[in-house]
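Note that these values count all heavy atoms, side chains included, but never hydrogens, waters or copies made by symmetry.
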Amino acid sequence: MSSHPVAATVASLMPRAKEELAELVAFRSVADFDQFPRSESEGAARWIADALTAEGFQDVALLDTPDGTQSVYGHLPGPEGAKTVLLYAHYDVQPPLDEAGWTTPPFELTERDGRWYGRGAADCKGGVIMHLLALRALKADGGVPVHVKVIVEGSEEQGTGGLERYAEEHPELLEADAVVIGDAGNFRAGLPTVTSTLRGMTLVRVRIDTLEGNLHSGQFGGAAPDALAALVRVLDSLRAEDGSTTVDGLTDDTAWDGLQYDEEQFRKDAKVLDGVRLIGSGTVADRIWARPAVTVLGIDCPPVVGATPSVQASARALISLRVPPGVDAAGATKLLQAHLEAHTPWGARVSIEQIGQGQAFRADTTSPAYRAMADAMAVAYPGQEMQYAGQGGSIPLCNTLATLYPQAEILLIGLSEPEAQIHAVNESVSPDELERLSVAEALFLRAYASGAS
């Protein structure tokens with residue numbers, strides 16, 4: 001760790017940061033209120049609002065967004081004439097999946113083998129703590145040299161677009177000269193990285209109906225059209241023999257020309273079983289950062305335990321399609337819908353419902369903000385040069401902000417390096433990464449302010 005005074009201050013604040021992250025992780029703030037109580041998300045939002053108020057933020061507010069969730073906003077005034085920087089994170093989290101698969105309880109921050117485990121520890125409650133640490137370090141070392149706006153979203157994981165719609169309706173609220181999205185991660189722990197591209201996404205629910213009701217498979221099987229079998233054929237049509245995504249009309253041959261991802265390292269990071277091949281073609285970076293990728297997220301059909309010998313009358317699936325920069329998400333949605341309809345066999349009835357959508361993003365890495373971040377990262381990670389990587393995931397707000405504020409410089413950093421296992425069981429955060437990135441963000445704010453003057 002750097003010997004810089006800001007680094008020493010952040011180090012002294014880490015015990016408090018752990019306590020605060022534990023409090024925040026304890027909220028079961030999954031923004032799917034059919035599964036988790038709304039009160040858990042509202043409690044997390046109030047916790048963040050109270051934390052901003054305690055740090056001297058003004059105009060702290062719980063924003064009721066159009067999707068029925070709350071985002072938290074606050075403004076910390078800086079010196080007169082200073083630049084404005086928007087800091088983003090989200091407090092909603094993915095469901096814990098199989099809680100029995102967790103080594104320790106998912107909503108209880110637990111230290112093990114030098115990491116802190118808990119749902120949201122890295123994605124993205126740790127990002128909230130990172131912003132607080134950076135600001136506290138600056139306040140203790142001469143003050144915050146820019147105007148700071150903080151926005152913490154309550155439904156990012158659901159992709160329901162509440163904050164995007166709110167920002168469009170209140171365009172002055174999040175206006176800034178630079179935006180730091182604290183929801184990405186280093187390419188590898190200890191290797192400082194900014195994410196320069198994000199894939200966009202669309203999320204659709206497809207339903208296939210073939211019969212008025214289930215039928216006895218002995219009496220009717222072989223002639224009665226099976227909705228589940230039809231669905232399986234439709235889903236299989238979305239992949240080529242090598243596993244590449246094949247949506248009719250969607251290009252699947254673009255290449256990534258930046259930092260490359262070693263295939264053996266990817267196998268290790270993804271925990272691919274021995275003997276199982278990776279899917280797709282091209283480099284790993286091509287496949288996860290520059291090309292579309294379809295994933296079947298879930299299927300509604302009878303579970304194996306308790307299943308009856310029946311021909312299924314109806315079946316549903318939830319499908320995610322990630323699309324690279326340069327591909328319009330709305331256009332990709334139309335292509336996906338047309339593909340599903342065209343590949344539904346036997347004249348079965350198919351209905352498709354769009355659940356969520358977000359555009360891809362590409363940053364301008366030549367901007368002054370990126371130079372300031374590179375200088376800050378060099379101090380926080382001595383001996384390391386900042387790298388540029390893509391990210392296969394989507395942060396729909398990025399494109400909304402880029403559209404609303406075309407002059408704003410948008411940077412993506414964060415705590416979600418491969419060992420963090422975000423969205424999976426046993427998610428964790430490296431306290432070393434939290435410490436270093438908090439230092440980097442603090443020094444970025446100072447360098448950006450200095451460069452602006």
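- Contact check on Arg207 versus Asp300 returns no salt bridge, with no Lys/Arg side-chain nitrogen under 4.0 Å from an Asp/Glu carboxylate oxygen.
- The minimum heavy-atom distance between His147 and Ala82, with the atom names listed, is CD2-O, 3.2 Å.
- With rounding to the nearest 0.5 Å, the separation of CG in Leu411 from CE in Met373 is 5.0 Å.
- For the pair Glu441/Leu87, a side-chain contact is recorded, criterion being any heavy-atom separation below 4.5 Å from C-beta on.
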**OP:** Walk me through it: do Thr9 and Leu138 pass the test side-chain contact (heavy atoms from CB on, under 4.5 Å)?
**Re:** CA-CA 9 Å; Thr9 302; Leu138 288 173; over 6 Å; no
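- Ile151 and Ser71 get closest at one heavy-atom pair: CD1-CB, 4.1 Å.
- Between atom OH of residue Tyr405 and atom CD of residue Glu172 there is a gap of 7.5 Å, rounded to the nearest 0.5 Å.
- A side-chain donor from one of Thr65 and Asp67 sits under 3.5 Å from a side-chain acceptor of the other.
- Side-chain contact of Glu23 with Trp47: a donor-acceptor pair under 3.5 Å is present, judged by distance alone.
- Here the closest non-hydrogen pair linking Thr365 and Tyr370 is O-CB, 3.5 Å.
- Note: Ile352 CD1 to Arg205 CZ = 12.5 Å, rounded to the nearest 0.5 Å.
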**OP:** Could you go through the side chain to side chain donor-acceptor pair (under 3.5 Å) check for Ser29 and Ser41 one step at a time?
**Re:** CA-CA 4 Å; Ser29 53; Ser41 288; 5.1 Å; no
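- No more than 12 heavy-atom neighbours from other residues, nucleotides or ligands sit within 6.0 angstrom of CD on Gln407.
- Ser367 and Glu409 are linked by a side-chain donor-acceptor pair at a separation below 3.5 angstrom, with hydrogens and angles left out of the test.
- Other residues, nucleotides and ligands contribute over 12 non-hydrogen atoms within 6.0 Å of the CD atom of Glu169.
- Proximity of Glu153 to Tyr166: side-chain heavy atoms (C-beta onward) are nowhere separated by under 4.5 Å.
- Here the CD1 atom belonging to Ile395 is positioned 5.0 Å from the CG atom belonging to Leu412, to the nearest 0.5 angstrom.
- In this structure, Glu353 contributes its side chain and Ser351 its backbone to no donor-acceptor pair below 3.5 Å.
- For the pair Lys149 (side chain) and Glu175 (backbone), a donor-acceptor distance under 3.5 Å is present.
- When atom types are taken as modelled, the side chain of Trp289 and the backbone of Leu198 share no donor-acceptor pair closer than 3.5 angstrom.
- Taking the ring centre of Phe36 as origin, the terminal cationic atom of Arg28 falls outside the region bounded by 6.0 Å and 45° from the ring axis.
- Side-chain contact between Gln70 and Asp64 is present, with at least one heavy-atom pair separated by less than 4.5 Å.
- Leu163 places none of its side-chain heavy atoms less than 4.5 Å from the side chain of His90.
- Donor-acceptor pairing under 3.5 Å is recorded for the side chains of Glu433 and Asn186.
- Panel note: side chain His131, backbone Tyr88; a donor-acceptor pair is recorded below 3.5 Å.
- Remark: side-chain polar atoms of Ser450 are not paired, donor with acceptor, to backbone N or O of Arg446 under 3.5 angstrom.
- Distance alone, capped at 3.5 Å, is enough to place a donor-acceptor pair between the Arg291 side chain and the Thr254 backbone.
- When all heavy atoms of Leu321 and Leu250 are compared, the pair lying nearest together is CD2-CD2, 4.0 Å.
- Put simply, the side chain of Glu417 gets close to the backbone of Glu419: a donor and an acceptor are under 3.5 Å apart.
- Side chains of Lys125 and Val93 form a contact here, defined as non-hydrogen atoms less than 4.5 Å apart.
- The pair Glu168-Arg165 meets the salt-bridge criterion, since a charged nitrogen lies less than 4.0 angstrom from a carboxylate oxygen.
- Closest approach of Leu97 and Ala424 over heavy atoms only: CD1-CA, 4.1 Å.
- Checking side-chain atoms of Tyr381 against main-chain N and O of Ala440 turns up no donor-acceptor pair under 3.5 Å.
- At a cut-off of 3.5 Å, with distance as the only test, a side-chain donor of Thr333 or Thr202 sits close to an acceptor on the other residue.
- Atom CD of Gln354 and atom CG of Leu336 lie 9.5 Å apart (nearest 0.5 Å).
- The main-chain N or O of Ala26 is never found under 3.5 Å from a side-chain atom of Arg119 such that the two would form a donor-acceptor pair.
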**OP:** Show your working on side-chain contact (heavy atoms from CB on, under 4.5 Å) between Val206 and Leu231 and close with a plain yes or no.
**Re:** CA-CA 9 Å; Val206 58; Leu231 178 63; 4.0 Å; yes
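- Closest non-hydrogen pair, Ala408 versus Val179, comes out as CB-CG2, 4.5 Å.
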**OP:** Mind running side-chain contact (heavy atoms from CB on, under 4.5 Å) on Arg436 and Met377 for me, showing each step along the way?
**Re:** CA-CA 8 Å; Arg436 289 189 181 117; Met377 290 282 202; over 6 Å; no
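- In this structure, the side chains of Ile181 and Cys398 come closer than 4.5 Å at one or more pairs of heavy atoms.
- Within 6.0 Å of atom CG in Asp242, more than 12 heavy atoms from other residues, nucleotides or ligands are found, so the atom counts as buried in its surroundings.
- When each of Arg115, Glu427, Lys271 is checked for a side-chain hydrogen bond (donor to acceptor under 3.5 Å, both in side chains) with Gln421, only Lys271 meets the rule.
- Two residues are said to be in side-chain contact when any heavy atoms from C-beta on lie closer than 4.5 Å; Lys18 and Pro431 fail this criterion.
- Between Thr283 and Tyr261, the closest side-chain pair of non-hydrogen atoms is not below 4.5 Å.
- In this structure a side-chain-to-backbone donor-acceptor pair under 3.5 Å is present from Gln359 to Ala329.
- Using modelled atom types and a 3.5 Å distance limit, the side chains of His343 and Asp248 yield a donor-acceptor pair.
- Considering CG of Asp286 and OG of Ser281, their distance stands at 8.0 Å, rounded to 0.5 Å.
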Subject >> Check against side-chain contact (heavy atoms from CB on, under 4.5 Å), Leu443 and Val6 >> reply: CA-CA 8 Å; Leu443 295 179; Val6 167; 4.0 Å; yes
Subject >> salt bridge (Lys or Arg N to Asp or Glu O under 4.0 Å) evaluation trace for Glu264 with Lys268 >> reply: CA-CA 6 Å; Glu264 286 306 310; Lys268 180 180 177 181; over 6 Å; no
